[in-house]
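Here's the structure we're looking at; comments come further down.
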Amino acid sequence: MPSKKTKKLTQNRKYSFFDDVFEVVKLIPKGRVTSYGAIAAYLGTRGSARMVGWAMNVTSSDVPAHRVVNSQGLLTGKHHFKPPSAMEKRLKAEGVGVKNDKVMKFEEFFWDPRREL
DNA sequence: AATCTGACGGGCA
DNA sequence: GTGCCCGCCAGAT
């Protein structure tokens, strides 16, 4: 379920955008990662990759945001986690190698919603 | 009310 | 191959 902020958004405006983002992120298989751009592209709003990250900011509770990195496989959002190391730690716990804030073998772990969904 | 910024990405110089 | 710039859209100041 959407958080208060997202609920407000989806109620006041018909922005299913955020909800769609959450839905897609929730569907990311454990041990796999995807990128903001990939999600945005899947939703049809290719240029709104930034908004995907924004969505993570308002949710961050029921959504595995740690499985979403930028197109380079870089953990750019780790700084927004309670302990910034939580993101990396979780990924590693799921079997995703992380080195220097970057997902190792990114292409191998990459989960493209357009391809997988 | 206006302006800036932000967990991005792609195109052009 | 690197670097700068622009678009995207909502939220915060």
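Labels below follow one simple rule: chain letters A, B, ... track the order of the sequence lines, proteins then strands, and each chain is numbered from 1. This one's a predicted model, so the numbers in the text were calculated from it and none came from an experiment.
Taking atom CH2 of residue A:W54 and atom P of nucleotide B:dC4, one finds them 16 Å apart after rounding to whole Å. Taking atom CG of A:L75 as the reference point, atom P of B:dC8 lies 12 Å away to the nearest angstrom. Remark: P of B:dA7 and CD of A:E88 are 18 Å apart, rounded to the nearest angstrom. Computed from coordinates, the A:M51 CE to B:dT5 C1' distance equals 10 Å when rounded to whole Å. The CG-P distance, from A:L43 to C:dC8, rounds to 16 Å in whole Å. One can place CG of A:N57 at 9 Å from C1' of C:dG11, the figure rounded to the nearest angstrom. Rounded to a whole Å, the OH atom of A:Y36 is 19 Å from the P atom of C:dC9. Taking atom CG on A:L91 and atom P on B:dA7, their separation rounds to 18 Å, with Å as the unit.
The shortest distance between the side-chain N/O atoms of A:S48 and the OP1/OP2 oxygens of C:dG7 is not below 4.0 Å. Side-chain N/O atoms of A:T45 include none lying less than 4.0 angstrom from OP1 or OP2 on C:dC8.
Annotation: B:dA7 and C:dT2 have their C1' atoms spaced 24 Å apart (nearest Å). As rounded to the nearest Å, C:dC8 and B:dA1 have P atoms that lie 24 Å from one another.
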Report the C-alpha distance between A:M56 and A:V25 in whole Å, list the side-chain angles of each, state the deciding distance to 0.1 Å, and finish with yes or no for side chain to side chain contact (heavy atoms under 4.5 Å, CB included).
CA-CA 9 Å; A:M56 298 299 109; A:V25 175; 3.6 Å; yes
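Candidate nucleotides C:dA10, B:dG9, B:dA7 were compared by shortest atom distance to the side chain of A:S35, and B:dG9 ranks first. Checking C:dA10, B:dA7, B:dC8 against the side-chain heavy atoms of A:A49 singles out B:dC8 as nearest. Closest contact between the side chain of A:H80 and the listed nucleotides B:dA7, C:dG7, B:dG10 involves B:dA7.
Rounded to the nearest 0.5 Å, atoms CZ (A:R32) and CG (A:L27) are 13.0 Å apart.
Taking the nucleotide of DNA chain B with the nearest heavy atom to each of A:R50 and A:N70, the more 5' of the two is matched to A:R50.
No more than 12 heavy atoms of other residues, nucleotides or ligands shown are found within 6.0 angstrom of CZ on A:R90.
In this structure, the side chain of A:Y42 does not engage the main chain of A:D112 through any donor-acceptor pair within 3.5 Å.
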